[in-house]
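The shown structure was predicted, so the numbers you read here are calculated from the model rather than taken from an experiment.
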Amino acid sequence: MGEDYVRIFDTTLRDGEQAAGINLNTAEKLQIAHQLAAMGVDIIEAGFPAASPGDFEAVSTIAKEVKGPTIAGLARTRPEDIEAAYNAVKHAEKPRIHTFIATSDIHLEYKLKMDRKQVLEEIKRAVTQARSYVDDVEFSAEDASRSDLDFVVEAFKTAIECGATTINIPDTVGYALPVEFGDFVEEIIRRVDAPSNVIWSCHCHNDLGLAVANSLEAVKRGVRQVECTINGLGERAGNAAMEEIVMALKTKKGYFGVESRLNTKKLYHISKLVSQLTGFIVPPNKAIVGDNAFAHEAGIHQHGVLCNRATYEIMKPEDVGAPGSKLHLGKHSGKHAFTKRLEDLGFALSKEEIAHAFKLFKELCDKKEIVTDSDIEALVVDEILAVSPTRKFKLVSFSVSASAGKGTATITLMDGEEEKSDAAVGNGPVDASYAALKRIIGIDPKLESYRVHAVSERSDAVGEARVVLSYKGLKARGRGASTDVVEASIKAYINATNRLYQVAAARGVDIDG
């Protein structure tokens, strides 16, 4: 059999798309398929060709354009399904037909309305037909985990005799428990006693939240293909999440003795792509790829991570392509993390200043759910440093006019003890005002953002303007309020400029030079 490893069979584009509310077009499926190929997925189940013309087109397009992985098309045991699957995947470098039929008594009686002998005849005919088209045929016994063991063994033996090269054991309704499923899988593999070229597979659903656990138990018992989806998408509660299986095998290789061949550094980004294209948001606490997977807020945890990441991280963020470890600052954070954040923001404060800033930070946490870097920067600049910067500006007066899309502004500021005035034109009164302010101040910061909103619904409401300016690697936010939106905008710009000078003074940066 060569190298022993776990083959990753991705069914995001088939079972994943069957999740209620997901409908991917061919172009979107192709994007995902290309990324799956780049990550090194072994098999991509591109869809169910007989289901619709759109599904056929998507599978056919992926088979023609995506190189590297085996491209599989799903088919019931019906002759027309298998023919459609073949016609869709036949242009692939490595085509596979994946055919299935249920084997549980409840499915036979109520869905198929067939007896066991008829099911075995269906398996024999379908696998034989598929094998006449392609060399790579997979057979699945739907609802295997609720099927009679003797009958499942007989079904699998029949499929192998007819040429199936991959045999899949599904827990279709997510009913099995890990040890129970493991015993079931192990007994099937022992009793079928398949040739060495046959690969055993599992396909677990998450109805009891055990899809990943069941899949990993199956690997421990001899399975060497796991069927899974990005972000655990799929019917009902979803499928086993690929990223969790792959990283569990990698992180606990000493236990399993085998892992996948995926480039795990691409997991985070493909998770985001699938989330964007399906509209299914990844929960922040989702293992491996959630935004909080490598985030720490508790003070004890933050202190440990600052000393050695291994204290609270069993994986490195870079191993899955995620952004670096994040220390989220909130009411549970400790002084160590707060001090580290101050250093990251470029401040060099004394122990006394840090203690004072930390006290103010904790007070802010009680008032504000999320404390951002900008909040901390403003807190330090406004409340701790309170130094007189080299320059500080104050609005004295302004005059603006506008007509035919043009604006003119004349502004007077106090620059310390000196009064300065200048005028400028622009595309409107605010643009002209900002041009005049730049002439007076003598620097040209970049306006990163600008927005104005009314603080109430009355016609005489106060307008609040907020701007973000950046200059020489520094960034500052400013706020201004007035019943005149132009005045509010001017005040916000001046406020942000003063903050720029304060931050520059605190960091020893000369922004006038």
Side-chain angles (χ1 to χ4, degrees), residues 9 11 14-15 18 43 45-52 55-56 59 72-89 95-134 136-176 181 184-185 188-189 191-192 194 198-205 218 223 225 227 234-236 239:
F9 177 111
T11 185
R14 199 278 299 172
D15 204 332
Q18 289 177 204
I43 304 99
E45 187 167 58
F48 192 166
S52 70
D55 234 28
F56 182 93
V59 176
L74 184 69
R76 292 165 293 193
T77 53
R78 298 176 184 178
E80 60 271 24
D81 274 35
I82 294 171
E83 185 175 356
Y86 168 64
N87 287 327
V89 303
R96 174 183 291 188
I97 294 174
H98 178 194
T99 187
F100 73 97
I101 193 169
T103 53
S104 66
D105 289 337
I106 190 170
H107 276 250
L108 266 63
E109 180 179 354
Y110 292 101
K111 187 181 77 171
L112 298 178
K113 302 190 185 306
M114 299 168 70
D115 60 29
R116 292 183 179 183
K117 183 178 179 181
Q118 288 174 307
V119 168
L120 292 176
E121 286 300 316
E122 277 288 295
I123 294 170
K124 183 176 181 179
R125 184 194 50 72
V127 173
T128 301
Q129 180 189 357
R131 194 68 169 79
S132 72
Y133 294 143
V134 296
D136 188 349
V137 175
E138 176 174 342
F139 171 71
S140 290
E142 185 184 10
D143 204 25
S145 60
R146 293 195 297 171
S147 300
D148 175 70
L149 179 61
D150 291 338
F151 181 54
V152 172
V153 167
E154 189 175 3
F156 285 153
K157 283 184 175 180
T158 301
I160 292 169
E161 288 169 2
C162 295
T165 50
T166 300
I167 300 297
N168 183 44
I169 308 170
D171 182 27
T172 304
V173 292
Y175 183 67
F181 189 61
F184 184 70
V185 166
I188 287 172
I189 294 174
R191 289 177 57 179
V192 171
V198 172
I199 301 297
W200 288 97
S201 171
C202 67
H203 178 115
C204 299
H205 277 263
V223 157
Q225 175 182 288
E227 305 195 0
E235 287 271 11
R236 305 180 312 282
N239 288 56

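Minimum interatomic distance between P49 and A84 (heavy atoms only, all atoms of both residues): CB-O, 3.7 Å. Smallest separation of non-hydrogen atoms from G234 and N239: CA-OD1, 3.3 Å. The minimum heavy-atom distance between L108 and D115, with the atom names listed, is CD2-C, 3.9 Å. A144 and T103 make their closest contact through CA-OG1, 4.0 Å (heavy atoms, listed as atom of the first residue, atom of the second, distance). In this structure, C202 and V223 approach most closely via the heavy-atom pair N-CG1, 3.9 Å. Here the closest heavy-atom approach between residue V134 and residue P95 is recorded as CG1-CG, 4.0 Å.
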From CA spacing to verdict: salt bridge (charged side-chain N to carboxylate O under 4.0 Å, His left out), D55, R14
CA-CA 9 Å; D55 234 28; R14 199 278 299 172; over 6 Å; no
Exercise for review: I would like to know whether I169 and F184 meet side-chain contact (heavy atoms from CB on, under 4.5 Å); could you show each step before the answer?
Suggested key: CA-CA 9 Å; I169 308 170; F184 184 70; 4.0 Å; yes
Worked verdict on E138 versus I199 for side-chain contact (heavy atoms from CB on, under 4.5 Å):
CA-CA 9 Å; E138 176 174 342; I199 301 297; over 6 Å; no
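Residues Q18 and D15 are in side-chain contact: their nearest non-hydrogen atoms beyond the backbone lie under 4.5 Å apart. Counting heavy atoms from C-beta outward, L120 and E154 have side chains that approach closer than 4.5 Å. A heavy-atom distance below 4.5 Å is not found between the side chains of Q129 and I97. Counting heavy atoms from C-beta outward, T172 and R146 have side chains that stay 4.5 Å or more apart. Annotation: side chain of V119 is in contact with side chain of F151 (closest heavy-atom distance under 4.5 Å). You'll find the side chain of R125 reaches within 4.5 Å of the side chain of P79, heavy atoms only. Side-chain atoms of I82 and Y86, non-hydrogen and from C-beta on, never get closer than 4.5 Å to each other. Using a 4.5 Å heavy-atom threshold, the side chains of C162 and F139 count as separate.
Residue I106 places its CD1 atom among 12 or fewer non-hydrogen atoms of other residues, nucleotides or ligands, all under 6.0 Å distant. The environment of Y175 atom OH is sparse: at most 12 non-hydrogen atoms of other residues, nucleotides or ligands sit within 6.0 angstrom.
Atoms NE2 and CD1, on H107 and I101 in that order, are 11.5 Å from each other to the nearest 0.5 Å. How far OH of Y133 is from OG1 of T128: 12.0 Å, rounded to the nearest 0.5 Å. Atom CD of residue Q225 and atom OG1 of residue T166 lie 5.0 Å apart, to the nearest 0.5 angstrom. For the atom pair K124 NZ and E161 CD, the distance stands at 8.5 Å (nearest 0.5 Å). Note: T158 OG1 to I123 CD1 = 6.0 Å, rounded to the nearest 0.5 Å. Here L74 contributes atom CG and T11 contributes atom OG1; the two are 7.5 Å apart, rounded to the nearest 0.5 Å.
Taking the six-membered ring where the residue is Trp, F100 and F48 present perpendicular rings, their angle passing 60° and hence far from 30°.
Between the S147 side chain and the S104 main chain, a donor and an acceptor come within less than 3.5 Å of each other. When atom types are taken as modelled, the side chain of D171 and the backbone of A176 share a donor-acceptor pair closer than 3.5 angstrom. Between the side chain of T165 and the main chain of V198, no donor-acceptor pair closer than 3.5 Å is present. One N or O on the side chain of N87 and one on the backbone of E83 form a donor-acceptor pair closer than 3.5 Å.
By the 4.0 Å N-to-carboxylate-O rule, E142 lies close enough to K111 to be salt-bridged with it.
Among the candidates R96, H98, H203, the single residue satisfying the side-chain hydrogen bond (donor to acceptor under 3.5 Å, both in side chains) test with E45 is H98. Checking M114, E122, E121 one by one against Q118, the side chain to side chain contact (heavy atoms under 4.5 Å, CB included) holds for a single residue, M114.
Remark: the N168 side chain and the S201 side chain contain an N/O donor-acceptor pair separated by less than 3.5 Å.
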